[in-house]
Amino acid sequence: MSSTAESTSILRFTVSDRLEHIAQITTFVPLAVTGLVQRYAGSGLSQGIITLFGGIESVRIIHRVFAAILMVAVVYHLGAIGYRRFVLNIPRSMGPSLADLRAAGQTLAYNLRRRDSRPPQGRYTFEEKIEYWSLVWGTVLMVATGFLLWNPIAGAKILPGSFIPAARAAHGGEAVLAILAILVWHFYHVHLKHFNKSIFTGYMTLEEMESEHPLALTMEVADPPSQDELRHRRNRYVPLYSLGAFVLLIGIWLFVSFEDTAITTIEPLESPAVYAPIPTTTMPLATTTTMATTGSTLPSTTTTVIVIAEDLTWASIGPIFEAKCLMCHGATNQTAGLSLATFNDTIAGGNDGPGVVPGDPGTSMIVTIQEAGGHPGQLDANEIANLRAWIDAGAPEK
Ligand code: HEC
C-alpha cells in the first residue's frame, strides 16, 4: 500500500447516516438503562437509579418517550433507504448474499489459522450485516411486544391474554440480548479490532478501505443520474414517502396515546376476596349467647356446635352472604338472577322465585339450596341454622 494513500479519504457515511447513528445511540442508551432497571427492579443498583430518575413512574415515562423517538427514527430510516434506492439508484449493499456465507467460513478459517488473510469483503462486511439485521429484527420485536406492554387492555382484546406476560418476557429477553450484542459484537468489531471512527467522521482512508472493504473499491459504479433525472425521481418519491410516513406517524401516535394503563403502579390488594369453598371450622356470629338445638334437617352426626345469635336481623345475615356468596351473587354479577347484596334483593330471590319466604325456612330457596349441600358457595351448619332462625322470626330487616 502506498503511503500517499493515507491522505485520500473516501466518503463512507453521509451526514444523514451519521445522524441516524447518533439517534440510535441517544435512544438505545436511555432505553437500555430505564428498561434494565425495570427488569431487575429488585436489585439495589436498580433501586438507586430509579430513585435518581425520580421514581418508577418517571422511569416508565422516560422509557416510553425514547421508545417513541426510536419509532420516529425508524420512519426516517425507511425514508433514507427508499431515497438511496429509488432516487439515487444506489444498488443494495446491506442485503445478505451467498458471498457473506463464504466470507463467514473464510473468517472462521482465518481465526483458526487455517488461512493467512481475512476474506475480501464489500461495502458492508458479513459481520456488519449480521449486526444490522439483528437490529432490524430486534426493533420489530421490541415494537411489537412493546405495543402489548404499553396497551395491555387493547392487546388482550385482539390476542389471548397470555400474550401479555409472554410479550413481557420476550421484551426483556431481547433487550438483554441486544445489550450484550452491542457490548460484545459491536464493541469488538468497531472498537477493538480496529478503532473505526467512520460512522462519526463519515470518512475512511483509502488504506482502511483497502484492508476492510476492498470489493467496494473495485465495484463498478454506474454513472450518476442527470440533474433532470434526479429531480424527476425526487418529485415522484418525496410525495409518496411523505404519505407513507404520515400514515406511520399516525400509527405511532395511536400506539403512544391509546392507553395509559401501565404507567401508574397499582398497589396489591391488602386482602383480596377469594372464594373459600367450605370452611372446616365454624364461624360464630358477632353476638353469641343462646345455645339451641336446631331443626331436624341437619345431619345428626355433625359435631358442630350450633350457636344461634340473638335478635337476628339483616345486619347479622348480610355479612354471611357478603363473605361467601357475593362473588357469584353480587349486585352486578347475579348468577342465576340472584343478588344477595341487599335485604330486598335477597327476599326477591333469583330466576326460580323468591329467595326467602319470611316465617317459612322450609320453602325459602336460600335455605333449601344450602341444605341440599354441595353448592359452589356453601354455608356451614352453624350459618344455615342462623339463617333458618332469622327466617323463622319473619326475616326482619332491622
Ligand atoms: C362460585 C359461585 C357461587 C357462589 C359462591 C354461590 N353460588 Fe349460589 N349459585 C351459583 C350458581 C352457578 C347457581 C345456579 C345453578 C345452581 O342452582 O346450582 C346458583 C344458584 C343459587 C340459588 C338459586 C337461585 C335461583 O333462583 O335459581 C340460590 C338460592 C343460591 N345460589 C344461593 C347461594 C348462597 C346463599 C350462597 C352463599 C352461601 C351462594 N349461592 C354462593 C353459584 C354460586
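As a basis for the values below, the full set of heavy atoms in this structure was taken, side chains included, without hydrogen atoms, waters or symmetry mates. Just follow the structure's listing: the first ligand is 1, and inside any ligand the first atom is 1.
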Completion exercise
A student checking ligand 1 against L379 at a 4.0 Å heavy-atom cut-off should list atoms 38 (C)

Practice task
If you link ILVMFWY side chains whenever their heavy atoms are less than 4.5 Å apart, which other residues fall into the same cluster as Y188? By chain and number, please.
Solution key: L192

Practice task
Would you confirm whether the ring centroid of H213 sits within less than 6.0 angstrom of the ring centroid of Y124?
Solution key: no

Practice task
Enumerate the atoms of ligand 1 whose separation from the nearest heavy atom of T335 is less than 4.0 angstrom.
Solution key: 10 (C), 11 (C), 12 (C), 13 (C)

Completion exercise
If we number the atoms of ligand 1 from 1 as shown, the ones under 4.0 Å from a heavy atom of I369 are 22 (C), 23 (C), 28 (C), 29 (C)

Problem - Q378: which of E383, Q370, K324 passes side chain to side chain donor-acceptor pair (under 3.5 Å) - result: Q370

Problem - Heteroatom distance test (N351, ligand 1): nitrogen or oxygen, under 3.5 angstrom - result: yes

Exercise for the section: Could you name the option among S364, C325, G374 that has the heavy atom nearest to atom 36 (C) of ligand 1? Expected result: C325

Problem - Option among H232, Q227, R233 that satisfies the side chain to side chain donor-acceptor pair (under 3.5 Å) test with E229 - result: R233

Exercise for the section: May I ask you to check whether H329 has an N/O atom sitting below 3.5 Å from an N/O atom of ligand 1? Expected result: yes

Handout entry: Those atoms of ligand 1 less than 4.0 Å from some heavy atom in K324
Key = 5 (C), 37 (C), 41 (C)

Exercise for the section: Indicate the ring-plane relationship of F255 and F147, choosing parallel, tilted or perpendicular according to the 30° and 60° boundaries. Expected result: perpendicular

Completion exercise
Here the atoms of ligand 1 under 4.0 Å from any heavy atom belonging to D352 are 25 (C), 26 (O), 27 (O)

Practice task
Determine, considering heavy atoms only, which of L338, I366, N333 sits nearest to atom 32 (C) of ligand 1.
Solution key: L338

Practice task
Kindly assign one of parallel, tilted or perpendicular to the pair W390 and W314, based on the angle between their ring planes and the thresholds 30° and 60°.
Solution key: tilted

Exercise for the section: Examine all N, O or S atoms of H375, backbone included, and report whether one is under 2.8 Å from atom 8 (Fe) of ligand 1. Expected result: yes

Fill in the blank from the handout: G350 heavy atoms within 4.0 Å reach ligand 1 at atoms 26 (O)

Handout entry: Contact summary for T218 and L215, nearest pair of heavy atoms
Key = OG1-O, 3.2 Å

Handout entry: Short side-chain donor-acceptor distance under 3.5 Å, E20 and H77
Key = yes

Handout entry: Sub-4.0 Å atoms of ligand 1 with respect to non-hydrogen atoms of L340
Key = 34 (C), 35 (C)

